[in-house]
Amino acid sequence: MKLATALALCLVASSAVPAGAAWEPTKPIEFVVPAGTGGGADQMARLISGIAEKHKLSPRPIIVVNKGGGAGAEGFLDVKGKKGDAHTIIITLSNLFTTPLHTGIPFSWRDLTPLARMALDQFILWVNAETPYKTAKEYVTAVKDKPTSFKMGGTGSAQEDQILTIQLEQALGLKFIYVPFKGGGEVCVNLVGNHVDSTVNNPIECASHWKAGRVRPLAVFDTQRIPVAEWKDIPTVKEALGADVHYVMLRGIFGPPSMPKEAVDWYVAFLKKVYDTPEFQKYLTDGALKPAFATSAEYVKWVEENEQLHKELMAKGGLLKK
Amino acid sequence: MGIENLLLGFHVAITPYNLFVAVVGITLGTIIGVLPGLGGANGVAILLPLTFTMPPTSAIILLTSLYWGALFGGAITSVLFNIPGEPWSVATTFDGYPLARQGLGGQALTAAFTSSFVGAFFSIVLITFFAPLLAEIALKFGPPEFFAIQLLTFSSFVGLGGGSPLKSLVSILLGFILAAVGLDIVTGQLRMTFGLVDLMKGFDFIIAVIGLFGIGEILLSVEEGLSFRSARTGMNLRVVLDTWRILPRYARTFVRGSFIGFWMGFKPGGATPASFMSYAFAKRFSKHPERFGHGELEGVVAPETAAHAAGVAAMLPMLTLGIPGSPTAAVMLGGLIIWGLQPGPLLFKERPEFVWGLIASMYTGNILGVLMVLAFVPFFAAILRIPFAILTPVIVVVCAVGSYAVHSNMIDIWYMVIFGLVGYVFKKLDYPLAPLVLALVLGDLAENALRQSLIMSQGSLAIFVTRPIAGAITAVALLFFALPVLTPWWRRLRGAVVPAQGAS
Amino acid sequence: MRIADLVTASFLMLLGAIVVFDASRLGVGWSTDGPKSGFFPFWLGVLLIAACAVILVQAARRAGLAPFVTRAQAGPVLKVLWPAVALVVLTQWLGLYVSAGLYTGFYMRWIGRHSWLAVLALAILFPLATFFIFEKWFLVPMPKGPLEAWLGQ
């Protein structure tokens, strides 16, 4: 045991205590991820924790804790219960809106203290590279000819992927068979293995299969193209199909209800420093995430608009809690 | 492909720094493996941010070594205290713990570690030479095939235990029911949560196992007075050599376990079902199936070989396809992205020094690992000599810590106590616990795979017959289900032809 | 044994009934997408009730001879069980580390009659070691109480 301590300490140099702002964390910060280990939100939380460690941005360590039960309900309700706590933060994805709307748990983002929006994740329509569909138009025509026979794979049920599928169906008069899987990586592999016909995966989940020539991106679900290197040749859905179907996913950070003002200031400054590191920027570029740092009023406004949007989209798709 | 790449990899893996990193990883991993509740996935996730300052190859060596350590370490508490440190060590308790009770803990541990190593080595060699080919096979597995595999695991295991079939059925049903609590990912509905937040995350398998096996066993074993019925064990390394002399007898079990483990592991299937399936097959093919469950060394060899083979094989889809073969691999995959590498099929071409360094480190890591844990066998076995009044509270606290660590939730410690009572009562009333645990592990996976398949086929069960791989596996599974019915009939038939078959 | 069997089976039947009740809320049918959310729970619950009913009848018919636990057995079992429960209750108030120390120390002294020195040493060192392993190396936060808050952890 002693040996292990020594060894661990060799590798894991503990962070020094810098002098700084008026308020600073006085104990380890619990960073709640309302999803399982290994997903997009989990990755970003651990990246932030790692960057903080590497650049000594926080006097105390950031401890990532996964509470993914009930499509994130476990994590949200846990943070909601920590009123006034200055040492807990939570990273959210679209389940910030979808989980309360679909399951009816007593939670709203208004219960939390908004800190910062770090990025927005894109969605792309993918098909298997062996299929003859070179453009979104060709694929959609094929789906239209044979309704309820093409399978669309996605993550979970009544979450972003299904919302997007329903949006696409309603805008273009299509009918897919939606097959829910546990995680984005699994979805893309089922596409490579030809078990589903198309997916709406995030760019990073399918990127390497694309480079290996196994899948083909047809269109980006956004109002403009992804401005990063190899991604910029993919047309938007509007360009490819004429229908304006767009959706992006939040990667934002919140604190518990009524978090002290000084703590909020510290976290906002901290997250900005993390955002500006070359490591974080590289992560955004590699994953074709949309750089979208925003705080306070701008962030709140965005979240409000998107809550309304999710309500409308889910009502249209019949996904609201009955 | 092959040798020269591997040599390149060894150049990377055998640098003093990387060897040192491997030793640190194995040490930490063994501790994580020993502590129930802290799984390999947690361990890797926890260390991930700290690897940020290391070169990617050293970072992945640290994390994979930690994973090997956890695979080795999971067996230790299974054998000594009937508490599986990791889910895939559950089947190891069936015979490992009785062996420890008979004072043969050292032998059981040696067998477990050696089997782990054999299984790992088998998988590493296959990965070294056949990785891309195997990745293509893994792609053929969609939801129907996964369901067929779950069915096969289950069918190979049921009908093995003795006792009342009715009570076995109740155990199975209870396991499936517990598995269904929480979010149903197919429809996104909450099931059996009754609006209670604490039920939304469902029943974690590891907490149930800590309670049912660990706490339950303590309660059972103190019935005859406040002490453990533990016998003396030798305090030297002789036991390792002595056990090695016996182990070649189980050559067939090693081979079978390695194949089952690798086959279950190289596509997302998992080490846990592999260990159960391997145990079940070992018992089926044994000449003394009645000895299983009462301290048969083969009952330790079979699950450990398969579990470690599967654990290593789970790295394959991560490297070749960029998909996780296990929860631990899922976290490592996140690590690759954080280190700025793109996981997936191109990794072999773009970063050969990383991939082959990792593969080479699998050899070095597992060789180092087995030597390290074997060296400690006498020490581990001696733990049982600690007085009861010290050991009991320590075990209970470690169980509580482990249960809490899974979700950072107080209610889980209560679940652990409740499961402990259930384990005690069930054991006394002859409700078997193993089917309950297996159903709890497989229930969720099997139901999801089944329903995904049925969505794909729009409700038609024919999908399990028309797809060749799924069809073949389903057929074998059904055969196993029918076996208890067929066997007596077959015996009678054979008995008529070849009267009185001998023992050999 | 007989009573315990009856009680357990009845309890499991009740559990089965709860499951069936919840499943019928979710829908137990078979739609074009395959079985609905409640389909499997419903049949699991029904089967559980049926199996337990049979066990109940079998147990009721059997003459109960051996008791579930003898008085001699119940003593030691309770002596393990109630301190463990106390540990969990204390953890909610005092945090895990303090409770673990109190529990370990109490148990060693009460059951093992170890010397006060040994009791104190282990009651302090064991939670401390746990603290360093979990909180410091593996960064897994455990429930904490007033003492840790006072120490600024």
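The shown structure was predicted, so the numbers you read here are calculated from the model rather than taken from an experiment. The sequence lines fix the lettering, A, B, ..., with proteins before strands; numbering per chain opens at 1.
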(message) Which one wins on heavy-atom pair count under 4.5 Å against chain B: A:V179, A:D286, A:V64?
(response) A:V179
(request) With a 4.5 angstrom heavy-atom cut-off, could you sort out which part of A:E279 is near chain B: side chain, backbone, both or neither? (result) side chain
(request) Examine whether an atom of A:I51 lies under 4.5 Å from a heavy atom of chain B, and if so say whether it belongs to the side chain, the backbone or both; otherwise answer neither. (result) both
(message) Between A:G69, A:A207, A:G104, who has the most heavy-atom pairs with chain B when the cutoff is under 4.5 Å?
(response) A:G69
(request) Compare every heavy atom of A:S157 with every heavy atom of B:G188, then report the nearest pair and how far apart it is. (result) N-CB, 3.4 Å
(request) Check whether any side-chain heavy atom of B:E145 lies under 4.5 Å from a side-chain heavy atom of A:H195, and answer yes or no. (result) yes
(message) Using a 6.0 Å cut-off, check whether atom OH of A:Y178 has over 12 heavy atoms from anything other than its own residue.
(response) yes
(request) Evaluate whether atom NZ of B:K140 has more than 12 neighbouring non-hydrogen atoms of other residues, nucleotides or ligands under 6.0 angstrom away. (result) no
(message) Any non-hydrogen side-chain atom of A:P180 less than 4.5 Å from a side-chain atom of B:V186?
(response) yes
(message) Is there a side-chain contact between A:R214 and B:L139 in this structure, where contact means two heavy atoms from C-beta onward sitting under 4.5 Å apart?
(response) yes
(request) Examine whether an atom of B:R451 lies under 4.5 Å from a heavy atom of chain A, and if so say whether it belongs to the side chain, the backbone or both; otherwise answer neither. (result) neither
(message) Side chains of A:K182 and B:D444, heavy atoms from C-beta outward: is any pair under 4.5 Å?
(response) yes
(request) Flag the one option from B:L199, B:T328, B:V331, B:T187 with the top tally of heavy-atom pairs under 4.5 Å to chain A. (result) B:T187
(request) Would you give the length of the straight line joining atom CD1 of A:I105 to atom OG1 of B:T193, rounded to the nearest 0.5 angstrom? (result) 10.5 Å
(request) State whether B:K201 and A:D78 are salt-bridged, where the test is any N-O pair (Lys NZ or Arg NE/NH1/NH2 against Asp/Glu carboxylate O) under 4.0 Å. (result) no
(message) Quick check on A:F181 against chain B: is it the side chain, the backbone, both or neither that has a heavy atom closer than 4.5 Å?
(response) both
(message) With a 3.5 Å distance limit and no angle check, can you tell me whether A:K67 reaches the backbone of B:S408 through a side-chain donor-acceptor pair?
(response) yes
(message) Are the side chains of B:L50 and A:E53 in contact, using a 4.5 Å heavy-atom criterion?
(response) yes
(message) On a heavy-atom basis, which atom in A:R46 and which in B:L48 lie closest, and how many Å separate them?
(response) CD-CD2, 3.9 Å
(request) Check whether B:I455 gets within reach of chain A through its side chain, its backbone, both or neither, counting any heavy atom under 4.5 Å. (result) both
(message) Need one label for A:K211: side chain, backbone, both or neither, based on atoms under 4.5 Å from any heavy atom in chain B.
(response) both
(message) Does any backbone or side-chain atom of A:L47 lie under 4.5 Å from a heavy atom of chain B? Answer side chain, backbone, both or neither.
(response) both
(request) Check each atom of A:K151 against the heavy atoms of chain B and say whether the ones under 4.5 Å are side chain, backbone, both or neither. (result) side chain
(message) Out of A:M44, A:E74, A:E30, return the one with the most heavy atom pairs under 4.5 angstrom to chain B.
(response) A:E74
(request) Can you tell which part of A:V65 gets under 4.5 Å to a heavy atom of chain B, answering side chain, backbone, both or neither? (result) side chain
(request) Report yes if the side chains of B:P143 and A:N190 come closer than 4.5 Å at any heavy-atom pair, otherwise no. (result) yes
